[in-house]
Amino acid sequence: MRVLVTGAAGSIGRVVTVGLADRGHDIIGLDRVPEPEGFDGPWHSVDCADPDAVAAVFAQSAPDAVVHLAGHPGEADLPSSFTSHVVTTAALLDAMVEHDVTRIVYASSNHAVGLTPRRDLVSDDARPRPDTFYGVGKVAAEGLLSLYADRYGIDAVACRIGSFRDRPGSVRALSTWLSHDDCVRMVDAALTATAPGFAVLYGISANTRAWWDLEPGRRLGYEPRDDAEEFAASIEPGPEDEDEAAYVGGPFALAAYHRPALDRT
Ligand code: 15L
């Protein structure tokens with residue numbers, strides 16, 4: 001499959017481009033910055049929020065599918081979050097419709113449901129409950145994917161990613177960690193699942209302490225193999241651990257993130 005990967009120079013992008021290529025996909029890289037050293041294949045230094053530039057990439061490279069990882073991976077003011085997550089997704093979806101591309105895998109985030117209080121299991125039926133403007137952007141982008149799935153029959157898998165790191169770095173991450181290898185497994189499954197329509201999955205590894213449901217991912221063929229527990233003995237407890245455990249979004253759910261949506265300075 002010819003896969004256009006946006007945000008291909010980012011931390012997830014670098015892992016996913018290599019991993020998908022290893023699994024036999026042809027990768028077309030796209031990012032605002034030039035290709036990282038070692039990237040082998042076509043590359044477009046383009047801002048995904050520019051619909052003309054995105055359309056030109058589709059016309060030139062004819063992808064079969066899109067993996068949309070581009071976007072600021074943290075909190076920002078509301079207009080910036082909207083551009084980063086919603087406008088970029090819209091530009092890609094419009095180009096997909098124009099060029100008959102019917103599959104998109106989206107790097108959504110657990111922060112789309114970040115203010116969901118801790119319970120035994122949070123699944124894909126959790127209502128949108130963002131914890132930040134970042135989370136609002138992810139909810140809105142998921143809404144757009146759902147709209148294009150219903151209107152145009154696009155298959156869109158929103159992966160609500162947890163803590164993507166080479167190893168878990170906090171007590172919270174013992175529940176929320178997504179290993180590099182499992183991330184590649186997740187994206188590949190979401191790319192190749194039969195007719196998912198609009199679907200949501202939780203992007204975490206098979207963590208012993210997980211409380212986000214892995215079943216929606218398994219239904220699409222995502223079988224995680226790693227478990228953060230193997231690192232548990234090396235994780236130092238922190239003063240925020242208890243507060244961070246109270247909501248899906250962990251630190252993003254705490255008062256430190258409360259601020260106005262619009263910058264008036
Ligand atoms: C995310 O979606 C963020 O991009 C990342 O910075 C972490 O906050 C991660 O979630 C997480 O919840 O650990």
Side-chain angles (χ1 to χ4, degrees), residues 5-16 31 48 67-78 80-86 88-89 105-118 122 124 126 128-142 145 157-180 182-183 186-187 190 200-205 207 209-214 217 224 226-228 231-232 235-236 238 240-259:
V5 179
T6 77
S11 57
I12 300 184
R14 287 173 192 235
V15 168
V16 163
D31 208 303
C48 259
V67 174
H68 182 27
L69 307 173
H72 175 62
E75 180 60 325
D77 59 65
L78 188 63
S80 309
S81 295
F82 189 80
T83 302
S84 192
H85 308 298
V86 188
T88 59
T89 305
V105 177
Y106 179 55
S108 187
S109 168
N110 72 90
H111 299 290
V113 290
L115 280 181
T116 308
R118 170 137 200 157
V122 173
D124 54 345
R129 212 162 176 182
D131 51 24
T132 45
F133 305 124
Y134 171 63
V136 170
K138 292 300 188 187
V139 167
E142 287 190 6
L145 295 173
V157 180
C159 305
R160 291 183 180 158
I161 296 175
S163 307
F164 173 84
R165 305 268 188 288
D166 54 355
R167 50 191 293 156
S170 66
V171 169
R172 172 176 179 261
L174 294 174
S175 304
T176 64
W177 184 53
L178 176 64
S179 75
H180 287 189
D182 280 338
C183 184
M186 173 191 79
V187 172
V200 165
L201 64 79
Y202 287 90
I204 54 174
S205 287
N207 303 321
R209 302 188 197 192
W211 54 287
W212 308 346
D213 198 355
L214 279 164
D226 297 321
D227 183 345
F231 300 97
I235 305 283
E236 294 290 328
E240 307 271 300
D241 287 348
E242 205 179 316
D243 290 343
E244 289 188 2
Y247 293 92
V248 165
F252 282 26
L254 304 180
Y257 280 87
H258 296 187
R259 57 191 176 121

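These numbers come from the heavy atoms of this one structure, side chains and all, not from hydrogens, waters or symmetry mates. For the single chain, residues carry numbers from 1 onward in sequence order. Every number for a ligand or one of its atoms is a count from 1 in the order of the listing.
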Item to check | Candidate pair Asp182 and Ser205, rule side-chain hydrogen bond (donor to acceptor under 3.5 Å, both in side chains), full reasoning | outcome: CA-CA 6 Å; Asp182 280 338; Ser205 287; 2.7 Å; yes
Checklist outcome for this item: Sorted by chain and residue number, the residues having a heavy atom closer than 4.0 Å to an atom of ligand 1 are Pro73, Ser109, Asn110, His111, Tyr134, Gly162, Ser163, Arg172, Phe252
Checklist entry - Within a reach of under 6.0 Å around OH of Tyr247, are more than 12 heavy atoms found that belong to other residues, nucleotides or ligands? => result no
Item to check | Short N-O contact, Arg160 and Glu142, less than 4.0 angstrom | outcome: yes
Item to check | His72 and Ser81: side chain donor to acceptor below 3.5 Å | outcome: no
Could you list the donor-acceptor pairs under 3.5 angstrom formed by side chains in residues 133-141, with sequence neighbours left out?
from: Lys138; atom 1: NZ; to: His85; atom 2: ND1; distance (Å): 3.4
from: Lys138; atom 1: NZ; to: Tyr106; atom 2: OH; distance (Å): 3.1
from: Lys138; atom 1: NZ; to: Ala107; atom 2: O; distance (Å): 2.8

Next on the checklist: For Phe82, I'd like to know if atom CZ has over 12 heavy atoms of other residues, nucleotides or ligands within 6.0 Å.
Outcome noted: no
